[in-house]
Amino acid sequence: MSLDKDYCCEDRGEVQEWTQIKVTVPLEHLDALVAVMSMISNQLQIEDYSDIDLKSCYGDLIDESILNADKTIASVSVYRPGNSPCSDELAFLREHMAIAGIADTATVSLNGVNEEDWANAWKAYYKPLHIGKRMVIVPAWERYDEQPGEIVVRMDPGMAFGTGSHETTRLVIGLLEKYTPAGGRMLDVGCGSGILAICASKLGAGQCYAYDIDPVAVKVANENIRDSGITNVTCEVSDLLRDVDRAYPYDLITANIVADIIIRMSPDVGALMHAGTVLLVSGIILERSDDVVAALEANGLKIVERVVENDWCAMAVMKK
């Protein structure tokens, strides 16, 4: 199941209203829909109940509505402030779903969402997650008994992307276990909740720098960094690589975003790398992976490892 509460803007002083643009398609069209919706925003809420397996679920409680959900369909949502018209987004969706050949099978709905309700309802689906060999991502509000050898990261994604439950995050955290250099200088591009920089710090990285274009994500990430009790992670606002710290090359760079954005940053990321730097990219739909590989290789980089889960892939990349 992919059910990430991925985006909202936060105003602690008052409850804000949002408009949910939700598109539902037959399950076999989910990847095409994600590709279209990611052109509107790379912060998506994906509802796909097709892979629920009670034998592999962690935790005791699963809402009955999820167990009984129609597993032949899937939905993708983006959120817009309630006082903003959605006409441009709807026109874009009509055009690009038609190009993708999924318009005839898609159902579009607009729903008003109270921020306070939304910000808390998703917590019922966020349970401790074991990722890779040692990492355990635990909700900040859950009790968890740490086992020997485990590295526990407590997270409250708040209003930002990054619970660890999506395939893209699981894949890149698995690679982090392998490629995080002890004491190395680390950069996370598009940090969301800050989960990757926090994991890298826990795995032994030295100074870590995390950036996101969304100030709300940066606020959430800094709260998670503070609550984690780590002092070697700095998080600030930047549009991709524009405002990142360039004092020295990085030993490790992570970018869990989407294929188009990875392609966009591929001409520039090499300037932040030395011969031994490892770049971990994720958020890539399988059907776009060749495009990402082509862009990276065209800019002097090579793929050293590729991992796949369901229809998503992540890659470890170095200079040629």
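Values reported hereafter were calculated over all heavy atoms of this structure, with side chains retained and with hydrogens, waters and symmetry mates removed. Bear in mind that the values here come from a model prediction, so they are computed numbers and not experimental data.
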Decide yes or no for [X] and [Y]: does some side-chain heavy atom of the first lie under 4.5 Å from some side-chain heavy atom of the second?
| X | Y | answer |
| --- | --- | --- |
| Leu93 | Met37 | yes |
| Val136 | Val153 | no |
| Leu171 | Trp312 | yes |
| Asn111 | Thr19 | no |
| Thr180 | Leu252 | yes |
| Val233 | Ile230 | yes |
| Met273 | Lys319 | yes |
| Phe92 | Met39 | yes |

Checklist entry - Rest of the hydrophobic cluster containing Val237 (Ile/Leu/Val/Met/Phe/Trp/Tyr, side-chain heavy atoms under 4.5 Å)? => result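 Cluster partners of Val237: Val218.
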
Checklist entry - Got a sec, which hydrophobics cluster with Tyr248, joining ILVMFWY side chains under 4.5 Å apart, including via others? => result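 Its cluster partners, ordered by chain and number, are none at all.
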
Check for me, please, whether [X] and [Y] land in the same ILVMFWY cluster - side-chain distances under 4.5 Å, paths through other members count.
| X | Y | value |
| --- | --- | --- |
| Val36 | Leu90 | yes |
| Leu27 | Val76 | yes |
| Leu279 | Val244 | yes |
| Ile213 | Leu240 | no |
| Val23 | Ile73 | no |

Next on the checklist: List the residues meeting salt bridge (Lys or Arg N to Asp or Glu O under 4.0 Å) with Asp239, not counting sequence neighbours, and say none if there are none.
Outcome noted: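 Counting only residues at least two positions away or on another chain, Asp239 forms a salt bridge (Lys or Arg N to Asp or Glu O under 4.0 Å) with Arg242, Arg264.
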
Would you say the side chains of [X] and [Y] form a donor-acceptor pair under 3.5 Å?
| X | Y | answer |
| --- | --- | --- |
| Glu236 | Tyr209 | no |
| Asn232 | Ser201 | yes |
| Asp212 | Ser238 | no |

Checklist entry - By ring pair (Phe, Tyr, Trp, His ring centres under 6.0 Å), which residues pair with His29, not counting sequence neighbours? => result none

Which atom names give the shortest non-hydrogen contact between [X] and [Y], and what distance separates them?
| X | Y | result |
| --- | --- | --- |
| Asp188 | Ala197 | OD2-N, 4.1 Å |
| Pro26 | Thr105 | CD-O, 3.5 Å |
| Ser77 | Glu47 | OG-OE2, 4.4 Å |
| Ala221 | Gly192 | CB-O, 3.6 Å |
| Leu175 | Ala316 | CD1-N, 4.4 Å |
| Ile262 | Ala255 | CD1-O, 4.2 Å |

Next on the checklist: Please check: side-chain N/O of Glu177 versus main-chain N/O of Met135, any donor-acceptor pairing under 3.5 Å?
Outcome noted: yes

Value rounded to 0.5 Å, distance of [atom1] in [X] from [atom2] in [Y]:
| X | Y | atom1 | atom2 | value |
| --- | --- | --- | --- | --- |
| Arg226 | Thr231 | CZ | OG1 | 14.5 Å |
| Lys202 | Cys208 | NZ | SG | 12.0 Å |
| Asn256 | Thr169 | CG | OG1 | 4.5 Å |
| Ile40 | His96 | CD1 | NE2 | 9.0 Å |
| Asp145 | Glu150 | CG | CD | 10.0 Å |
| Glu309 | Thr168 | CD | OG1 | 9.5 Å |

Item to check | From CA spacing to verdict: side-chain hydrogen bond (donor to acceptor under 3.5 Å, both in side chains), Tyr250, Gln207 | outcome: CA-CA 10 Å; Tyr250 292 89; Gln207 187 62 41; over 6 Å; no

Next on the checklist: Checking Ile253 against Val278 for the side chain to side chain contact (heavy atoms under 4.5 Å, CB included) test, could you report, in this order, the C-alpha distance in whole Å, the side-chain angles of both residues, the deciding distance, and whether it holds?
Outcome noted: CA-CA 6 Å; Ile253 301 174; Val278 176; over 6 Å; no

For residues 297-308, which side-chain N or O atoms pair as donor and acceptor with protein atoms under 3.5 Å away, sequence neighbours left out?
unit_1, atom_1, unit_2, atom_2, d
Asn299, ND2, Ser266, OG, 3.4
Asn299, ND2, Ala295, O, 2.8
Glu305, OE1, Lys178, NZ, 2.9
Glu305, OE1, Tyr179, OH, 2.5
Arg306, NH1, Ser289, OG, 3.3

Next on the checklist: Assess the residue pair Ile284 and Leu286 against the criterion (side chain to side chain contact (heavy atoms under 4.5 Å, CB included)); give the C-alpha distance rounded to whole Å, side-chain angles, the decisive distance to 0.1 Å, and a yes or no.
Outcome noted: CA-CA 6 Å; Ile284 305 164; Leu286 274 178; over 6 Å; no

Checklist entry - Met186 and Thr254: side chain to side chain contact (heavy atoms under 4.5 Å, CB included), yes or no, with the steps? => result CA-CA 8 Å; Met186 182 265 189; Thr254 57; 3.4 Å; yes

Checklist entry - Can Leu241 and Tyr211 be said to form a side chain to side chain contact (heavy atoms under 4.5 Å, CB included), step by step? => result CA-CA 8 Å; Leu241 305 177; Tyr211 296 90; over 6 Å; no

Item to check | Sequence neighbours excluded - salt bridge (charged side-chain N to carboxylate O under 4.0 Å, His left out) pairs with any residue from residues 248-261 | outcome: Asp260-Arg288

Item to check | Audit row: Ser193, Asn224, side-chain hydrogen bond (donor to acceptor under 3.5 Å, both in side chains) steps and yes/no | outcome: CA-CA 7 Å; Ser193 66; Asn224 281 317; 4.8 Å; no

Next on the checklist: Would Arg80 and Glu89 count as a salt bridge (Lys or Arg N to Asp or Glu O under 4.0 Å) here? Give the steps.
Outcome noted: CA-CA 10 Å; Arg80 290 292 179 261; Glu89 288 88 346; 3.0 Å; yes

